Amino acid sequence: WLSMFREYKKNEPLLYNELISYYKEISIDEILNIKGLFDFEVNNQATRISSFQTINKIKNKIKNLVGGSADLASSNKTLMNNEKIFSHNNYDGRNIYFGIREIAMGAIANGMILFGGLKVYTATFFVFADYIKPMMRLSALMNVPQIFVMTHDSIGVGEDGPTHQPIEQLTMLRSVPNLICFRPADAIETAVGWALAISSRTTPHVLVLSRQNLLKIEGTGKDALRGGYIIYETNNNPDIILIASGSEVPLIYQCAKTIEEKNKSVRVVSMPSIELFEQQSSKYKERIIPKYVTRRIIVEAGSQMSWHKYKTEYTKFITIDCFGESAPADKLFNKFGFTNENIIKQCEELFCEI
């Protein structure tokens, strides 16, 4: 084998150098500095669409990126444009059709990464994290930086009903050691999530993405690298802090303006990754969520269990701790209290209680 490799280096120097480059680590700055990474033409779109656009920006820079889906590529939005399909007679393909077998897909990708030279992502619906979970755990256990793209992340799935609406999955994955769960609020945060995942050396990442379109919000940016950060505030001495992840961030951002009209100062914190936020210094975490600000509203379309570390005596949770139902997404969000009216009501109750 070594003799063959030496001959390969001699006869194919360009290909040899390209192959060797695939085994070098990629810095996060290399990804963040990709031209146009943060340029998105559409203001309001699902983060699964933002992810698709990001993949197709990254693939031209990271030529050893390969990946695919468990028969859901058209829904997960994970196909790389103008790239071939991998098969037994076409090793040139970068798109992989794994078939409807999530656990095998995760195992195959772990093996590919362990062999070396490839950046590999897999994809399915977020509720099917239950199927791929054993391989996620092994990725984390073995320090294999697989990228798991999980779309359709909440009751926003809508008419597919409670069987396809994730509730407990965020909490489940947040509990896995050495696994980063990243739920972006918009296109900018989605690009940041991909930069984190691609540049990771020993930690697998789960990108948790929406099916439904999300309103564009101002203030998101590269500080999402820290897991939680301020995207809006009245001043640096808030009366109340609103915290959310993913698709619920645009909602609390809208509510902040209404709270200000009631002569209260408010801070909006986007928390795409609790795990990353907890890795930050105590000083940073205290600056973002100060202990003295005891009025807090925490909003997430999933179980409240993983948020209790940020609970005070005067904290309100707008979460889901039961299974969903079958109905259009907007009706479900209204039914479960993910509305401006309910958040404002909860804020008003907090100011009355103290």
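Predicted model, so just to flag it, every value in this text is computed and none were measured.
The shortest non-hydrogen separation linking Ser75 to His152 is O-CE1, 3.6 Å. Closest approach of Val249 to Ala185, counting heavy atoms only: CB-CB, 3.5 Å. The heavy-atom pair separating Leu173 from Cys181 by the smallest distance is CB-SG, 4.3 Å. Taking both residues in full, the closest heavy atoms of Phe182 and Ala224 are given as CE1-O, 3.7 Å, listed atom of the first, atom of the second, then distance. The minimum heavy-atom distance linking Ile289 with Ile241 is given by the pair CA-CD1, 4.1 Å. In terms of heavy-atom proximity, Gln346 sits nearest to Lys316 at OE1-CD, 3.2 Å.
Contact annotation: the side chain of Ser303 approaches that of Asp321 to within less than 4.5 Å [non-hydrogen atoms, C-beta and beyond]. Leu32 has its side chain within reach of Phe38: a pair of non-hydrogen atoms, C-beta onward, lies under 4.5 Å apart. Residues Pro238 and Tyr292 form a side-chain contact, since some pair of their non-hydrogen atoms from C-beta on lies under 4.5 Å apart. In this structure, the side chains of Tyr253 and Glu218 come closer than 4.5 Å at one or more pairs of heavy atoms. Leu225 places none of its side-chain heavy atoms less than 4.5 Å from the side chain of Leu276. Residues Arg211 and His164 are not in side-chain contact: their nearest non-hydrogen atoms beyond the backbone lie 4.5 Å or more apart. Contact annotation: the side chain of Ile198 approaches that of Ile147 to within less than 4.5 Å [non-hydrogen atoms, C-beta and beyond]. With a 4.5 Å cut-off on side-chain heavy atoms, Leu332 and Glu325 count as touching.
Judged by a 6.0 Å distance limit and a 45° cone about the ring axis, Arg296 is not positioned over the six-membered ring of Tyr310. Cation-pi check for Lys59 over Tyr121 is not met; the charged atom does not lie both under 6.0 angstrom from the ring centroid and within 45 degrees of its normal.
Other residues, nucleotides and ligands contribute over 12 non-hydrogen atoms within 6.0 Å of the CD atom of Glu7. For Phe115, the CZ atom is loosely surrounded, since the number of other residues' heavy atoms within 6.0 Å does not exceed 12. In the displayed structure, Met112 atom CE is contacted under 6.0 Å by more than 12 heavy atoms of other residues, nucleotides or ligands. Summarising the local packing, CG of Asn82 is surrounded by 12 or fewer heavy atoms from other residues, nucleotides or ligands at distances under 6.0 Å. Around OH of Tyr8, the count of heavy atoms belonging to other residues, nucleotides or ligands within 6.0 Å exceeds 12. Within a 6.0 Å radius of CG in Leu114, more than 12 heavy atoms belonging to other residues, nucleotides or ligands are found. Heavy-atom contacts from other residues, nucleotides or ligands closer than 6.0 Å to NZ of Lys285 number more than 12. More than 12 non-hydrogen atoms from other residues, nucleotides or ligands lie less than 6.0 angstrom from CZ of Phe5.
For Glu286 (side chain) and Lys291 (main-chain N/O), a donor-acceptor pair under 3.5 Å exists by modelled atom type. The backbone N or O of Gly36 sits less than 3.5 Å from a side-chain atom of Lys57, completing a donor-acceptor pair. With Arg267 contributing its side chain and Ile288 its backbone, the two residues share a donor-acceptor pair below 3.5 Å. Under a 3.5 Å cut-off, the side chain of Ser265 and the backbone N or O of Asn237 do form a donor-acceptor pair. No donor-acceptor pair under 3.5 Å is formed between the side chain of Asp92 and the backbone N or O of Lys84. Put simply, the side chain of Arg295 never gets that close to the backbone of Tyr314: no donor and acceptor are under 3.5 Å apart. Glu30 places no side-chain N or O within 3.5 Å of a backbone atom of Ile28 that could act as its donor or acceptor partner. Using a distance-only test at 3.5 Å, with no hydrogens or angles considered, no donor-acceptor pair links the side chain of Gln169 to the main chain of Asp130. Not one N or O on the side chain of Asn64 forms a donor-acceptor pair closer than 3.5 Å with the backbone of Ser21. Although no hydrogens or angles enter the test, the distance criterion places a donor-acceptor pair under 3.5 Å between the side chain of Ser326 and the main chain of Glu159.
Applying the side-chain hydrogen bond (donor to acceptor under 3.5 Å, both in side chains) test between Arg183 and each of Ser245, Ser273, Ser210 identifies Ser245 as the sole match. Results of the side chain to side chain contact (heavy atoms under 4.5 Å, CB included) test with Glu300 over Trp307, Phe317, Phe338 single out Trp307 as the only residue that passes. Partner of Ile62 under the side chain to side chain contact (heavy atoms under 4.5 Å, CB included) criterion, chosen from Val66, Leu65, Asn60: Leu65.
Thr47 and Ser50 share no donor-acceptor pair across their side chains, judged by distance under 3.5 Å alone. In this structure, a donor-acceptor pair under 3.5 Å is present between the side chains of Asn110 and Ser139. In this model, a donor atom of one side chain and an acceptor atom of the other lie less than 3.5 Å apart for Glu189 and Tyr229. Donor-acceptor pairing under 3.5 Å is recorded for the side chains of Thr122 and Gln146.
The distance from atom OG1 of Thr151 to atom CZ of Arg48, rounded to the nearest 0.5 Å, is 6.5 Å. Once rounded to the nearest 0.5 Å, the distance linking CG of Leu242 with SG of Cys255 reads 7.0 Å.
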Show your working on side chain to side chain donor-acceptor pair (under 3.5 Å) between Ser51 and Thr54 and close with a plain yes or no.
CA-CA 5 Å; Ser51 172; Thr54 303; over 6 Å; no

Pair Thr339, Lys345 - check side chain to side chain contact (heavy atoms under 4.5 Å, CB included), show working.
CA-CA 10 Å; Thr339 64; Lys345 177 185 175 184; over 6 Å; no

Stepwise, does the side chain to side chain contact (heavy atoms under 4.5 Å, CB included) test hold for Asn178 with Leu141?
CA-CA 7 Å; Asn178 192 41; Leu141 187 62; over 6 Å; no

For Phe125 and Asn76, what are the C-alpha separation, side-chain angles and deciding distance, and is it a side chain to side chain contact (heavy atoms under 4.5 Å, CB included)?
CA-CA 7 Å; Phe125 287 169; Asn76 298 147; 3.6 Å; yes

How far apart are the C-alpha atoms of Met150 and Met136, what are their side-chain angles, what is the distance that settles it, and do they pass the side chain to side chain contact (heavy atoms under 4.5 Å, CB included) test?
CA-CA 12 Å; Met150 302 279 123; Met136 289 180 166; 4.0 Å; yes

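Hydrophobic clustering keeps Ile55 apart from Ile49 (ILVMFWY residues linked when any side-chain heavy atoms are closer than 4.5 Å, directly or through intermediates). There is a path of hydrophobic side-chain contacts, each under 4.5 Å, that joins Phe126 to Leu179. One hydrophobic cluster, built from ILVMFWY side chains closer than 4.5 Å, cannot hold both Leu72 and Met80; they sit in different ones. Following chains of ILVMFWY side-chain contacts shorter than 4.5 Å, one cannot reach Ile96 starting from Leu207, and the two form parts of different hydrophobic clusters. Hydrophobic clustering keeps Ile26 apart from Ile20 (ILVMFWY residues linked when any side-chain heavy atoms are closer than 4.5 Å, directly or through intermediates).
Using a 4.0 Å cut-off between charged nitrogen and carboxylate oxygen, Lys264 and Asp239 do not count as a salt-bridge pair. Salt-bridge annotation for Glu348 and Lys262: present, with a side-chain N of the basic residue lying under 4.0 Å from a carboxylate O of the acidic one. Comment: Glu102 does not engage Lys133 in a salt bridge, judged by the lack of any side-chain N to carboxylate O separation of less than 4.0 angstrom.
Note on ring orientation: taking the six-membered ring where Trp is involved, the planes of Phe86 and Tyr91 are parallel (angle under 30°, cut-offs 30° and 60°).
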